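Residue numbering restarts at 1 for every chain, and letters A, B, ... go by the order of the sequence lines. Please read these numbers as outputs of a predicted model, since none were measured by experiment.
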There are 2 protein chains.
Amino acid sequence: MTLSAEVKGVDLAADVERMEEPAVSEPEHRRLGRAPSTTHAEISHTALRLFMDRGFDQTTIDDIAREAGIGRRTFFRYFASKSDLPWGHFDVLLDRMRQHLASMSDDLPLMEQLREAIVEFNRVPETEWAYHRRRMDLLLHVPTLLAHSTLRYASWRQVVAEHVARRLELPEHDLIPQTMAWTCLGVCLAAYEQWLADEESTLIDLLDEAFRLIDERIDTSTVQAHRSASM
Amino acid sequence: MTLSAEVKGVDLAADVERMEEPAVSEPEHRRLGRAPSTTHAEISHTALRLFMDRGFDQTTIDDIAREAGIGRRTFFRYFASKSDLPWGHFDVLLDRMRQHLASMSDDLPLMEQLREAIVEFNRVPETEWAYHRRRMDLLLHVPTLLAHSTLRYASWRQVVAEHVARRLELPEHDLIPQTMAWTCLGVCLAAYEQWLADEESTLIDLLDEAFRLIDERIDTSTVQAHRSASM
DNA sequence: TTCACTTCGGCACTGAGTGTCATTAGTATC
DNA sequence: GATACTAATGACACTCAGTGCCGAAGTGAA
């Protein structure tokens, strides 16, 4: 580990702490074997700082590994690809959203369930708003990352489609749940863009607003007829 | 050029002819310089045959270049990346869709315009149905291609959003046109999946059906109120 | 200390994609 | 036909992402 990397490591300590998953408390000591020399979050932060400074394409894995004070080979044990770096604990959040949806009373209209769950999914501590904004800017505007994100969005849509299918008693692969999931994703991404375009805006508010607007435009009454025809 | 490549070249002649853009008639003779030794379509067909035989990831650019009887470097003058291979003349089709939408009477309801334009966009000569099916199967089920497709879909959505914005007299970046474009994309992709899952089905019919179904569920009446509020 | 175990990181490799440049194969002009 | 001009080609060398392999380095327990 180079001197500069050690300095940077200290530099980032506070940020890294904030990003550790708060839900799962780590076992205090690993039973066996050599202790990990870094963390998911530390590498991620180092990398994103470089991305923001000099651009995604101008940053190599070697740069990141050097800056993080780890070997190149070690990098790939923490992240499967360069494009995975900005995603944080997406899987954890997604699981949380799935549980949130499942735990909701079905007395609520479907679109209200979705709105609330999706807004919660996108909630971020106020201390990280600035960071989150720059992170999302990368994800939405760097072509490589934009392309890669498709695969993550597929899991996200799956969660939405599953819930819609259950609520409407339709098969998961049916057109309605699938399209509804695409629409929700579209609403989110359109709201993200509006948020990124206006420094003063708040993501949560924009999302809530967007879903309320769309809600008015989607009428679920014809689903009944469709369901009996398609099953 | 190897012997086997020459044989394959003859083999593919018929297919290549079919895939040449029918709209733009080639100038009979190039004015100046060395004549191209191959075509976009020939490389694409060679590559797709390999992808279908042994898989996308198992096929290297070297394989494709060798099989097409061209140099590796030449390949990259015809295609910017391996992922661009299955896309055919997407830009041309997209332009055609843009023109189609622009040429439509605005007496038609918006969703009918979109349905017709999008269905036409997806029309393919019956002789190519089998080929088209395998091509779409690659595009939708190979992760690398799926990710890459995001960038193409962005242009496609742009065309839809532009039209919706014009029709509803909303800014292009507004939530409604953006979400509408995402929804249309979602409907298409959901219909593609249904089509691929059922050998007997017809893409055009499924798309038409899907858009008619969604149409019933989207009510544009509230747009008026939104427009005056957001402009 | 030794063992079992886990992480680390160096090395060599594959494959995508790019910059450079000499070569080749056409067309136009003399 | 010889020459000049032009455009496509393909060889070479290079960068960078990502992978397989394997020995070395830590760490807790016996």
Side-chain angles (χ1 to χ4, degrees), chain A residues 1-2 5-6 9 26-44 46-47 50-51 54-87 142-148 151, chain B residues 1-2 5-6 9 26-44 46-47 50-51 54-87 142-148 151:
Chain A
M1 189 185 260
T2 66
E6 275 182 299
E26 296 270 322
E28 278 71 24
H29 60 102
R30 299 219 190 300
R31 303 281 150 84
L32 235 42
R34 179 176 177 172
S37 68
T38 184
T39 63
H40 213 75
E42 184 169 349
I43 298 173
S44 167
T46 303
L50 291 176
F51 292 166
R54 52 175 104 160
F56 181 83
D57 291 320
Q58 282 66 49
T59 307
T60 68
I61 307 283
D62 281 303
D63 293 336
I64 299 166
R66 197 179 317 114
E67 198 78 354
I70 57 173
R72 171 188 164 66
R73 194 64 189 79
T74 301
F75 172 87
F76 284 107
R77 290 210 183 80
Y78 283 82
F79 291 91
S81 80
K82 192 180 168 185
S83 302
D84 282 320
L85 279 163
W87 281 93
V142 173
T144 307
L145 292 175
L146 191 58
H148 184 78
L151 309 172
Chain B
M1 187 187 257
T2 66
E6 277 184 295
E26 296 271 322
E28 277 70 25
H29 61 100
R30 300 214 190 298
R31 305 279 150 87
L32 235 40
R34 178 176 177 172
S37 67
T38 184
T39 64
H40 212 75
E42 184 169 347
I43 298 173
S44 166
T46 303
L50 292 175
F51 292 166
R54 52 175 102 158
F56 181 82
D57 292 321
Q58 283 65 50
T59 308
T60 69
I61 306 283
D62 281 304
D63 292 336
I64 299 166
R66 196 180 317 114
E67 198 77 354
I70 58 173
R72 170 189 163 67
R73 193 63 187 81
T74 300
F75 170 87
F76 283 107
R77 289 209 185 82
Y78 283 83
F79 292 90
S81 79
K82 191 179 168 185
S83 301
D84 282 320
L85 280 163
W87 281 94
V142 172
T144 306
L145 293 175
L146 190 56
H148 184 78
L151 307 174

**Asked** How many Å lie between NE2 on His40(B) and P on dT9(D), as a whole number?
**Response** 13 Å
**Prompt:** Side chains of Phe79(B) and Ile61(B): closer than 4.5 Å at any heavy-atom pair?
**Reply:** no
**Request:** Measure from CZ on Phe75(A) to C1' on dT19(D) and round the result to the nearest Å.
**Result:** 14 Å
**Message:** Could you tell me how far apart Asp84(B) (CG) and dT18(C) (P) are, to the nearest whole angstrom?
**Reply:** 10 Å
**Asked** Between the base of dT24(C) and the side chain of Arg34(B), is there any donor-acceptor pair under 3.5 Å?
**Response** yes
**Complete:** In B/S/- notation (B base, S sugar-phosphate only, - none; protein heavy atoms under 4.0 Å), nucleotides 12-17 of chain D written 5' to 3' is ----SB
**Message:** Just to verify, what does Thr38(A) make a side chain to side chain contact (heavy atoms under 4.5 Å, CB included) with, not counting sequence neighbours?
**Reply:** Glu42(A), Ile43(A), Ile70(A), Tyr78(A)
**Request:** Please identify each residue that fulfils salt bridge (charged side-chain N to carboxylate O under 4.0 Å, His left out) with Asp57(B), with sequence neighbours left out.
**Result:** none
**Item:** Shortest side-chain distance from Leu32(A), nucleotide among dT27(C), dG9(C), dG28(D)
**Value:** dG28(D)
**Request:** With sequence neighbours left out, write down each residue that passes salt bridge (charged side-chain N to carboxylate O under 4.0 Å, His left out) with Arg77(B), or none if nothing qualifies.
**Result:** none
**Complete:** Whole-Å distance, Arg77(B) CZ to dT20(C) C1', equals 10 Å
**Prompt:** Ser37(B) side chain N/O closer than 4.0 Å to the phosphate oxygens (OP1, OP2) of dA8(D)?
**Reply:** no
**Fill in**
Contacts of Ser83(B) meeting side chain to side chain contact (heavy atoms under 4.5 Å, CB included) (sequence neighbours excluded), chain-then-number -> Phe56(B), Ser81(B), Thr144(B), Leu145(B), His148(B)
**Message:** Check this one for me: any side-chain N or O of Tyr78(B) less than 4.0 Å away from OP1 or OP2 of dT9(D)?
**Reply:** yes
**Item:** With sequence neighbours excluded, residues passing salt bridge (charged side-chain N to carboxylate O under 4.0 Å, His left out) with Arg72(B)
**Value:** none
**Message:** Rounding to an integer number of Å, can you tell me how far Phe79(B) CZ sits from dA16(C) P?
**Reply:** 15 Å
